[in-house]
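Here's the structure we're looking at; comments come further down.
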There are 2 protein chains.
Amino acid sequence: MAEIGKKTLRSWRRLARAQSFVADRIEAALKGAGLPALVWLAAFDELEKAGEPGLRPFELQRALELEQPAVSRLLDKMIGAGMAERRECDDDRRGWTVTATDSGRKTQERMATTQVAALTEHYLAHLSDKQARTLDEILGEFLSSSRASGNENSKNDH
Amino acid sequence: MAEIGKKTLRSWRRLARAQSFVADRIEAALKGAGLPALVWLAAFDELEKAGEPGLRPFELQRALELEQPAVSRLLDKMIGAGMAERRECDDDRRGWTVTATDSGRKTQERMATTQVAALTEHYLAHLSDKQARTLDEILGEFLSSSRASGNENSKNDH
DNA sequence: TCATAATAGATGCGTTTGTATCTTTGTCCA
DNA sequence: TGGACAAAGATACAAACGCATCTATTATGA
């Protein structure tokens with residue numbers, strides 16, 4: 001197990017380093033373009049995917065895997081910036097729904113463009129086509145395998 | 001570019017999700033065992049690698065890719081916990097040197113064991129041997145390629 | 001139906017983080 | 001040699017975060 005530990009460790013550290021390398025570049029590109037942080041884009045994408053009825057905050061929370069107060073405050077800011085809209089929802093008076101505004105969708109698009117540019121430069125550029133495909137494939141299987149088994153004790157179910 | 005963007009995006013998101021999935025599990029395992037956060041282990045490992053003279057805080061900063069104040073405070077805590085030791089250094093009176101104490105090395109070992117256990121359960125278990133090898137290989141090439149080119153504007157050089 | 005439990009969401013509070021700045025010391029070169 | 005500039009490290013301050021808690025509403029079930 002000592003030998004397995006070493007190899008495992010190395011590949012895990014590479015995974016972590018690669019991720020933070022790319023994430024840092026994307027965040028820097030967004031900040032450089034005067035755009036909000038990457039979570040906003042994830043939120044916009046979820047809202048878009050959800051379509052017309054919009055999303056309940058708790059649904060967005062699960063999609064983004066954030067703490068509940070984090071979503072609460074994120075939505076505060078998005079609404080405060082005029083990029084998301086709060087709608088009352090009839091069937092549950094505890095909650096409400098969010099949708100993106102036109103301004104929000106515009107920002108979403110600019111963020112997406114910036115992200116793709118950063119990914120092209122800092123991610124794709126360092127992988128061959130074959131490597132990119134293989135990586136995607138392995139990670140896809142990894143994620144479905146891990147989701148199938150070990151999701152009982154995630155940090156976000158309280 | 002629209003099509004390239006979509007595939008790139010998907011694989012990047014998978015990379016990010018896989019990393020945070022594993023990182024969350026390791027952090028949870030450490031916390032569950034009453035051990036410090038993962039950065040401490042990275043710091044211990046760097047100190048060990050550095051050997052006797054120890055490390056200057058700025059060297060540790062570069063190794064860990066953290067903000068300078070973060071390292072300053074991390075070392076505060078490690079020293080405060082009796083797990084690291086501050087030594088004056090003669091050749092530069094602006095700075096000093098850190099080394100791990102026996103207590104620190106003991107904690108390092110327990111953390112390493114905990115980490116390997118978490119990796120075995122939450123990382124290795126979801127990959128075949130071949131996938132693990134391929135992943136390691138691709139990420140290794142990715143990292144050296146990215147380090148070779150795009151390290152001019154990292155977020156940590158001020 | 002009414003009491004109890006569970007869920008949605010907000011907020012208060014202590015901690016952590018990043019940014020900027022400050023002090024001290026070392027380096028460079030005219 | 002001295003005077004400007006750069007580097008090491010600490011710290012002040014504000015923003016962000018996590019945890020716990022609170023209120024309001026819905027679901028459960030005796």
Side-chain angles (χ1 to χ4, degrees), chain A residues 20 23-24 26-28 30-32 34 36-40 42-43 46-47 50 53-81 84-99 153-158, chain B residues 20 23-24 27-28 30-32 36-40 42-43 46-47 50 53-81 84-99 153-158:
Chain A
S20 82
D24 285 354
I26 297 175
E27 294 285 10
L30 290 171
K31 177 172 279 191
L38 197 46
V39 255
W40 285 52
E46 290 298 330
L47 291 179
L55 281 179
R56 297 285 297 271
F58 77 92
E59 295 175 306
L60 193 57
Q61 187 205 336
R62 283 165 196 175
L64 301 182
E65 298 185 29
L66 293 174
E67 306 291 333
Q68 180 263 317
V71 175
S72 206
R73 285 165 188 142
L74 171 62
L75 289 176
D76 268 1
K77 286 177 203 156
M78 294 177 73
I79 293 168
E85 205 170 24
R86 179 181 175 135
R87 294 187 188 174
E88 300 306 318
C89 80
D90 311 322
D91 52 315
D92 188 343
R93 269 177 303 182
R94 291 171 300 184
W96 43 284
T97 43
V98 229
T99 52
N153 50 354
S154 167
K155 74 165 180 179
N156 284 326
D157 45 306
H158 302 288
Chain B
S20 81
D24 285 354
E27 294 285 10
L30 290 171
K31 176 171 279 190
L38 197 46
V39 255
W40 286 50
E46 291 298 329
L47 291 179
L55 281 179
R56 297 287 296 273
F58 77 92
E59 294 175 307
L60 194 57
Q61 186 205 337
R62 283 165 196 176
L64 301 182
E65 299 186 29
L66 292 175
E67 306 290 334
Q68 179 263 319
V71 174
S72 205
R73 292 189 266 247
L74 172 63
L75 289 175
D76 269 359
K77 285 178 204 156
M78 293 177 73
I79 293 168
E85 205 170 25
R86 180 182 175 134
R87 295 187 188 172
E88 300 306 318
C89 81
D90 312 320
D91 51 315
D92 189 342
R93 269 176 301 183
R94 291 171 300 182
W96 44 284
T97 309
V98 229
T99 51
N153 51 353
S154 168
K155 73 164 181 179
N156 285 327
D157 46 310
H158 302 288

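Each chain gets a letter, A, B and so on, in the order its sequence line appears, and its residues count up from 1. Not measured: the values here are computed from a predicted model.
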Can you measure B:Glu67 atom CD to C:dT21 atom P for me and round it to whole angstrom units?
15 Å
Main chain of B:Leu38, side chain of B:Glu27: is a donor-acceptor contact present, judged purely on distance under 3.5 Å?
yes
Take the protein atom CD of A:Glu88 and the nucleotide atom P of C:dG9, then report the distance between them rounded to whole Å.
11 Å
Please check the phosphate of C:dG18 (OP1 and OP2 only) for any side-chain N or O of A:Lys31 closer than 4.0 Å.
no
Atom CG of B:Asp90 and atom P of C:dG26: how far apart are they, to the nearest Å?
11 Å
Any idea which of D:dA16, C:dT19, D:dG18 is nearest the A:Lys77 side chain?
D:dA16
Could you give me the CA-CA distance, side-chain angles and deciding distance for B:Asp92 and B:Arg56, then say whether side-chain contact (heavy atoms from CB on, under 4.5 Å) is met?
CA-CA 10 Å; B:Asp92 189 342; B:Arg56 297 287 296 273; 3.3 Å; yes
Starting at CZ of A:Arg93 and ending at P of D:dA27, how long is that distance when rounded to a whole Å?
11 Å
B:Leu74 CG - C:dT15 P separation (whole Å):
18 Å
If you look at every heavy atom in A:Glu85 and A:Ile79, which pair is closest and at what distance?
N-CG1, 4.4 Å
Atom CG of B:Asp24 to atom C1' of D:dG18: distance rounded to whole Å?
13 Å
Every protein N/O lying under 3.5 Å from an N/O of nucleotides 8-11 of chain D:
from   : atom 1 : to      : atom 2 : distance (Å)
D:dA8  : O3'    : B:Arg56 : NH2    : 3.3
D:dG9  : OP1    : B:Arg56 : NE     : 3.2
D:dG9  : OP2    : B:Phe58 : N      : 2.7
D:dG9  : O3'    : B:Trp96 : NE1    : 3.3
D:dA10 : OP1    : B:Arg86 : NH1    : 3.4
D:dA10 : OP2    : B:Ser72 : OG     : 2.3
D:dA10 : N7     : B:Gln68 : NE2    : 2.8
D:dA10 : N6     : B:Gln68 : OE1    : 2.8

Identify the heavy atoms of A:Trp96 and A:Glu88 that sit nearest to each other, and give their distance.
CB-CA, 4.5 Å
Measure across A:Thr99 and A:Gly54 and return the closest heavy-atom pair with its distance rounded to 0.1 Å.
CG2-CA, 3.6 Å
Give the rounded distance in Å between these two atoms: CG of A:Leu60 and C1' of C:dA10.
16 Å
Please report the shortest heavy-atom distance between B:Cys89 and B:Gly95, naming the atom on each side.
SG-O, 3.8 Å
